[in-house]
Amino acid sequence: MVHAAAMAQGKKRPAVPPPDGGWGWVIVAGCFMVTVCTRAVTSFRFCSLNRFQPLLTGQFRCISIFFVEFQMHFGGDYSGTAWIHSLVDCTTMLCAPLGSFIGNRLSCRIAVILGGFLSSIGLVLSSFATSLEYLYLTLGVLTGIGFSLCYTPAIAMVGSYFCERKALAYGIAMSGSGIGTFILAPVVQLLIEHYSWRGALLILGGVVSNLCVCGALLRPITLKEEEEAHGPVPLDTDCGYRVKAQVVSTLEEPLAINNSKGSRCFKSMQEYRFLLMPDFLMLAVSFLFLASGCSLPFVYLVPYALDVGVSHHQAAFLMSILGVIDIVGNITFGWLVDRRCLKKYRNVCYMIAVGMEGLCCLFIPLLRTFALLVPFSVLYGYFDGAYVALIPVVTSDIVGTTNLSSALGIVYFLHAIPYLLSPPIGGWLVDTTGTYTATFFLSGFALISSSLVISTVTGIRHCRRTQKHRKNNKDTDPKQDPCQGSRSDFYIASSKDVNPSINTANS
């Protein structure tokens with residue numbers, strides 16, 4: 001029976017440990033382009049200097065380039081025009097669970113291709129807009145839904161291909177937002193000047209259609225824990241991994257081929273079982289605090305600098321510094337956290353990054369010159385890039401790789417409402433108090449609270465691991481894979497064939 005199971009298993013696609021390289025770097029490149037298209041295209045935080053002065057009133061101080069164009073063309077007010085930008089971001093985050101659902105049910109490849117098609121159509125249709133309400137539907141809703149289908153599945157795929165260098169891989173992938181904004185902002189400004197905003201949106205629709213190409217590159221991979229949960233899948237001849245013989249109980253065989261509606265319903269429940277985990281619930285609370293505070297400095301840094309007497313050019317330069325250092329933080333902090341001495345302390349590194357951001361915000365009211373605001377931009381930008389790269393890593397460490405896509409959908413869903421409400425609340429505090437101190441204090445305390453919550457989660461998990469280690473000390477393998485504590489030695493990565501008879505004998 002064991003020998004027959006081994007021979008049958010040899011004809012299936014093996015479940016493997018994360019390869020940490022190879023095609024994984026193509027996945028990183030695809031995710032990089034997804035973040036460029038989904039986050040950079042609609043999240044321009046740069047305003048041309050000759051148009052900056054009219055934006056110094058109202059709740060929104062630093063708006064995308066298209067904000068001004070839409071307002072001038074349609075004659076709308078600030079709040080009506082700002083809804084376009086808010087709808088894109090909020091729809092992308094609110095529909096993130098939909099992207100996870102499609103990625104789990106069909107595949108991440110199909111989800112990204114479908115999202116690329118919808119978002120491209122939304123941008124192309126927006127170029128024919130005749131009113132702000134038309135843009136609400138095409139640019140705000142349709143494009144936002146398309147981006148939501150792309151964003152979460154692409155990020156989850158990176159976690160499937162990497163373990164040892166997961167933080168670095170995510171750092172490179174997530175840097176697409178900053179790099180894309182840095183490059184596309186002046187390009188879009190030139191497109192508007194030469195072809196008007198309609199032509200610019202039409203060209204951007206063509207650029208975003210490349211998400212379909214990125215989706216085609218997302219080749220599926222089956223990890224060991226997925227194999228244990230869902231059973232083996234057909235062999236992928238492009239994969240160089242081999243599989244040892246796995247003992248299959250005769251009692252488990254009927255369950256492996258059970259495709260009834262009840263089993264599919266159970267599978268759906270299993271995908272979201274992490275929602276009952278206390279660790280994830282605490283992490284969700286942490287993300288709510290984080291999303292409430294992280295966006296305020298990006299919105300109110302330039303207005304505060306102008307309020308304390310900094311020139312327009314210097315204020316704009318502060319945002320440029322913040323954006324460039326954000327990219328540096330994405331990559332270098334990810335590389336640093338992957339070092340052997342820090343890999344066990346990823347959650348602690350994430351906690352420190354978020355906490356340092358909060359401390360920076362608390363000290364802003366003391367910084368009243370350009371020379372003092374430059375170090376703030378450097379520190380805040382670096383730690384902002386650092387924690388962004390670690391969000392998927394921290395989430396994966398808690399829920400596991402199998403549930404990462406579903407968990408990221410929930411995580412980004414939790415960001416939507418704070419992203420929508422925190423800038424207006426910050427503006428209300430400015431209008432009420434007459435200063436920016438309360439706004440930056442709100443940001444700082446929210447970020448520090450997020451850090452304290454995640455530190456509580458880290459402490460609880462450490463205590464649990466210590467107790468479990470003491471109880472199971474005799475059964476603990478000292479050479480066990482640090483990336484997946486439950487991983488057994490059924491599966492290996494090898495370019496040589498496996499002799500089934502040897503495996504049978506060992507079994």
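Judged as a side chain to side chain donor-acceptor pair (under 3.5 Å), and not counting sequence neighbours, Ser443 has no contacts.
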Might you work through the side-chain hydrogen bond (donor to acceptor under 3.5 Å, both in side chains) test for Thr332 and Tyr382, ending with a clear yes or no?
CA-CA 9 Å; Thr332 61; Tyr382 184 82; 3.1 Å; yes

Please evaluate residues Ser450 and Ser286 with respect to the criterion side-chain hydrogen bond (donor to acceptor under 3.5 Å, both in side chains), reporting the C-alpha separation (whole Å), side-chain torsions for both, the decisive distance (0.1 Å), and the verdict.
CA-CA 4 Å; Ser450 175; Ser286 172; 2.9 Å; yes

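Within the structure, ring-ring contact (aromatic ring centres under 6.0 Å, His included) pairs that include any residue of residues 197-220 comprise Phe70-Trp197, His73-Trp197, Phe74-Trp197 (at least two apart or interchain).
For the side chain to side chain contact (heavy atoms under 4.5 Å, CB included) with Leu362, the lone residue among Leu447, Ile448, Thr437 that qualifies is Ile448. Checked against Ser100 for a side chain to side chain contact (heavy atoms under 4.5 Å, CB included), the options Ser405, Ser148, Pro153 give a single hit: Ser405.
The two residues Phe440 and Tyr300 come nearest to each other via the heavy atoms CZ-O, 3.6 Å. Shown here for Phe162 and Gly24, the closest heavy-atom pair between the two residues is CE1-O, 3.3 Å. The two atoms that bring Val378 and Ile325 nearest to each other are O-CG2, 3.2 Å, heavy atoms only.
Atom OH of Tyr419 is surrounded by more than 12 heavy atoms from other residues, nucleotides or ligands within 6.0 Å. The number of heavy-atom neighbours closer than 6.0 Å to CZ of Phe280, taken from other residues, nucleotides and ligands shown, is above 12.
For an aromatic pair to be called close, the ring centres must be under 6.0 Å apart, and Tyr380 with Phe376 satisfies this.
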